[in-house]
Amino acid sequence: LNRSPSALPNWNESVRFADDLFRRLRCATASDRGILRPSYGTGEQRAHDLVREAGETLKMTPTVDAAGNLHLTSAGASPNAPRWLTGSHLDAVPDGGNYDGAAGVIAGLAVVHALRAAGITPPRDITVIGFRAEEGSSWFDGRHKSHFGSRGLLGQLRVEEMNVARSLADGSTLYDCIQRSGFRPEQLGLGRPCIDIASVYGFAELHIEQGPLLVSTGFPVGIVEGIRGTTRARNARCTGQYAHSGAVPQDDRKDAVFGAAEFAVCVEEAVERWAREGRDVVCAMGRFHTDVQRHSLTKVSGEVQFTIDLRSLDEGLLHKSKQFLIDNALRIGSRRGVNIDVGSVDIAAPARMSRPLQAELARCAASLNLSARVLASGAGHDAANFSAAGIPTAMIFVRNEHGSHNHLEAMDIKDFSQGARLLAELLLQPNPLHSVH
Ligand SMILES: [Zn+2]
């Protein structure tokens, strides 16, 4: 573990460069509260323009792919060696904060800035990518899987999905939005990656942490072990029978609220049990409501609609939980005389981060004297799509207060400095996927 880190004597200048870029990005995309960078919208384009300009001052070569993602490449020592990709997204949720997404792109630029200042040529090319539309779920409805930029880049976006996803602003399809923005949805629809996957060494994404763990445990930086997969019921329903809330004896009721509530408690107890067994799991029922047209103070409620969003790093548990939901809906429903129907339950597999890259990040952190904590990502990221495409993938989290997806997110530039320095160290290793220690 005792090895000396690469010499980047002017690192603080690179952090000032990054800080200045954050400030200009905030100004260019400011809204009444927070910032405004809609997927395939004006604010997102402004962010791309600003980042492209900054990359060009660092003599990076810009290209834009069919999905509109920005690629800025800095040449390495061996042009034929597989290259590093690093970066994150430049869009944001409505009235979001300045760092969710942008921090990963600016970190890549800070690394290139530092290498230039130190006169270091990295072992392999480094391409910093600013992805489009990672927050597609905030700007497009319809049954789609969001992350349009990175999935488009990787050949994972199909015409059907681009025609089903519709802009919440004006109802036009994603296909038309991509085309109107000057990019090539017809090419994306062929399902082929926009880059040669075989020429990619790995993908590393720095992102602010969106949960409270790094703050509460006192670590400036996190090394992500994986991105949780999901077991989701989007259209679950408990159906009973509407009745007078005073006149009908308690035993004769088919109360949908009490049925759904018992089911909810049963799910929570199972989740707590699995967590006690040491399994990674979290769960929420984000929607849970009676029918506003029909419910009343004086009625036994006949219907409750609800959702279940259970997440875990453990794929086996995602499948087990699906069966658990189905079995217990049936058990509780039949005992109470109500019908609990969880509807279709979708499972999305967790994304594993590369073990060799995780180990290398831990070694790099130790050499930099940086305390980094290993943790799971509860939110989805562009990195998950790279992992799904078979590309060795790593993620670095930077401590951030007040969560994200709101204008209060607060990343300390000193913490960013440590996370980006760790990224630089990883990208400077000659062959971190096959390190011998
Ligand atoms: Zn993000």
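Position 1 is the first residue of the sequence; numbering continues from there.
- Environment of CG in Asp196: crowded, with over 12 heavy atoms of neighbouring residues, nucleotides or ligands closer than 6.0 Å.
- A heavy-atom distance below 4.5 Å is not found between the side chains of Leu50 and Arg46.
- Contact between Ala243 and Val248 at its shortest, heavy atoms only, is CB-CG2, 3.8 Å.
- Donor-acceptor pairing under 3.5 Å is recorded for the side chains of Gln45 and Arg132.
- The pair Arg253-Asp251 fails the salt-bridge criterion, with no side-chain N (NZ, NE, NH1 or NH2) lying under 4.0 Å from an Asp/Glu carboxylate O.
- Remark: Ser150 engages Asp382, Asn385 in a side-chain hydrogen bond (donor to acceptor under 3.5 Å, both in side chains) (not counting sequence neighbours).
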Check your understanding: side chain to side chain donor-acceptor pair (under 3.5 Å) between Glu303 and His295: does it pass, once the steps are laid out?
Key -> CA-CA 9 Å; Glu303 185 180 281; His295 67 191; over 6 Å; no
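- Ring geometry for Phe324 versus Trp274: interplanar angle over 60°, hence perpendicular rather than tilted (30 to 60°).
- Counting only residues at least two apart or in different chains, salt bridge (Lys or Arg N to Asp or Glu O under 4.0 Å) contacts with residues 163-184 comprise Asp170-Arg180.
- The closest side-chain donor-acceptor pair between Asn98 and Arg37 falls under 3.5 angstrom.
- For the residue pair His89 / Asp100, a side-chain donor-acceptor distance below 3.5 Å is found, with atom types taken as modelled.
- Once rounded to the nearest 0.5 Å, the distance linking CG of Leu70 with CZ of Arg52 reads 6.5 Å.
- A donor-acceptor pair shorter than 3.5 Å cannot be found between the side chains of Gln156 and His147.
- For residues 216-231, the set of pairs meeting the salt bridge (Lys or Arg N to Asp or Glu O under 4.0 Å) definition, not counting sequence neighbours, comprises Arg228-Asp280.
- One distance of note links CD of Glu315 with NE2 of His319; it measures 4.5 Å at 0.5 Å rounding.
- Of all heavy-atom pairs spanning Ala383 and Glu205, the tightest one is N-OE1, 3.0 Å.
- The side-chain heavy atoms of Ile195 and Leu153, taken from C-beta on, include a pair separated by under 4.5 Å.
- Contact between Val51 and Val105 at its shortest, heavy atoms only, is CG1-CG1, 3.7 Å.
- Here side-chain hydrogen bond (donor to acceptor under 3.5 Å, both in side chains) pairs that include residues 260-272, with residues two or more places apart or in two chains, are Glu262-Arg335, Glu262-Arg336.
- Considering only residues two or more places apart in sequence or on other chains, Thr127 meets the side chain to side chain contact (heavy atoms under 4.5 Å, CB included) condition with His71, Thr73, Arg83, Leu85, Ile129.
- A pairwise comparison of heavy atoms in Phe183 and Ala66 identifies CB-O, 3.0 Å as the closest pair.
- The closest side-chain heavy-atom distance from Ile347 to Thr230 is not below 4.5 Å.
- Between Asn69 and Gly149, the shortest heavy-atom distance links the atoms ND2-O, 2.9 Å.
- Side chains of Glu360 and Gln358: no donor on one and acceptor on the other come within 3.5 Å.
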Under 3.5 Å, side-chain donor or acceptor atoms of residues 421-430 against the rest of the protein: list the pairs with distances, not counting sequence neighbours.
from   : atom 1 : to     : atom 2 : distance (Å)
Arg421 : NH1    : Glu425 : OE1    : 2.9
Arg421 : NH2    : Ser6   : O      : 2.7
Arg421 : NH2    : Glu425 : OE1    : 3.4
Glu425 : OE1    : Ser6   : N      : 3.3
Glu425 : OE1    : Ser6   : OG     : 3.2
Glu425 : OE2    : Ser6   : N      : 3.0
Glu425 : OE2    : Ser6   : OG     : 3.1
Gln429 : NE2    : Glu425 : O      : 3.0

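- Ring-plane geometry between Trp84 and Tyr201 is classed as perpendicular, the angle between the planes exceeding 60 degrees on a 0 to 90 degree scale with a lower cut at 30.
- Residues satisfying the side-chain hydrogen bond (donor to acceptor under 3.5 Å, both in side chains) test with Tyr99, not counting sequence neighbours, are Arg26.
- Residue Phe258 places its CZ atom among 12 or fewer non-hydrogen atoms of other residues, nucleotides or ligands, all under 6.0 Å distant.
- A 4.5 Å side-chain heavy-atom check between Val342 and Ile326 finds at least one atom pair inside the cut-off.
- When the shell of 6.0 Å around CG of Asp327 is examined, it contains more than 12 heavy atoms from other residues, nucleotides or ligands.
- Atom OG of Ser172 is separated from atom CG of Leu174 by 9.0 Å, given to the nearest 0.5 angstrom.
- Looking at Ile106 and Phe22, their side chains come closer than 4.5 Å, going by heavy atoms from C-beta outward.
- With no hydrogens or angles considered, a side-chain donor-acceptor pair links Asp91 and Ser39 at under 3.5 Å.
- Summarising the geometry, atom CG belonging to Leu206 is positioned 8.0 Å from atom OG belonging to Ser88; distances are rounded to the nearest 0.5 Å.
- When all heavy atoms are compared, the tightest approach of Met162 to Pro185 is CE-O, 3.5 Å.
- Applying the salt bridge (Lys or Arg N to Asp or Glu O under 4.0 Å) test to residues at least two apart or on different chains, none of the pairs has a partner in residues 286-301.
- In this structure a side-chain-to-backbone donor-acceptor pair under 3.5 Å is present from Arg124 to Pro82.
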Check your understanding: So Asp309 and Arg232, salt bridge (Lys or Arg N to Asp or Glu O under 4.0 Å) or not? Walk me through it.
Key -> CA-CA 5 Å; Asp309 179 13; Arg232 282 178 171 160; 3.2 Å; yes
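- Note that CD of Glu134 is 8.5 Å distant from OG of Ser137, once rounded to the nearest 0.5 Å.
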What pairs of donor and acceptor atoms, side-chain ones from residues 391-399 against any protein atom, are under 3.5 angstrom apart with sequence neighbours left out?
from   : atom 1 : to     : atom 2 : distance (Å)
Thr393 : OG1    : Ser387 : N      : 3.4
Thr393 : OG1    : Ile391 : O      : 2.7
Arg399 : NE     : Asp415 : OD2    : 2.9
Arg399 : NH2    : Asp415 : OD1    : 3.1
Arg399 : NH2    : Asp415 : OD2    : 3.4

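- Contact check on Asp314 versus Arg279 returns a salt bridge, with a Lys/Arg side-chain nitrogen under 4.0 Å from an Asp/Glu carboxylate oxygen.
- Screening residues 144-161 for salt bridge (Lys or Arg N to Asp or Glu O under 4.0 Å) gives Arg151-Glu161 as the qualifying pairs, with residues at least two apart or on separate chains.
- Salt bridge Asp95/Arg33: absent, no basic N to carboxylate O contact under 4.0 Å.
- To the nearest 0.5 Å, atoms CZ (Phe306) and CZ (Phe288) are separated by 6.5 Å.
- Here Tyr242 pairs with nothing under the ring pair (Phe, Tyr, Trp, His ring centres under 6.0 Å) rule; sequence neighbours left out.
- With ring centers used as reference points, Phe148 lies 6.0 Å or more from Tyr40.
- Applying the side chain to side chain contact (heavy atoms under 4.5 Å, CB included) test to Pro193 and every residue at least two apart in sequence or in another chain returns Ile197.
- At least one side-chain heavy atom of Leu310 sits under 4.5 Å from a side-chain heavy atom of Leu318.
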Point to revise | Step-by-step side chain to side chain contact (heavy atoms under 4.5 Å, CB included) determination, Ser377 to His207 | key: CA-CA 10 Å; Ser377 171; His207 200 281; over 6 Å; no
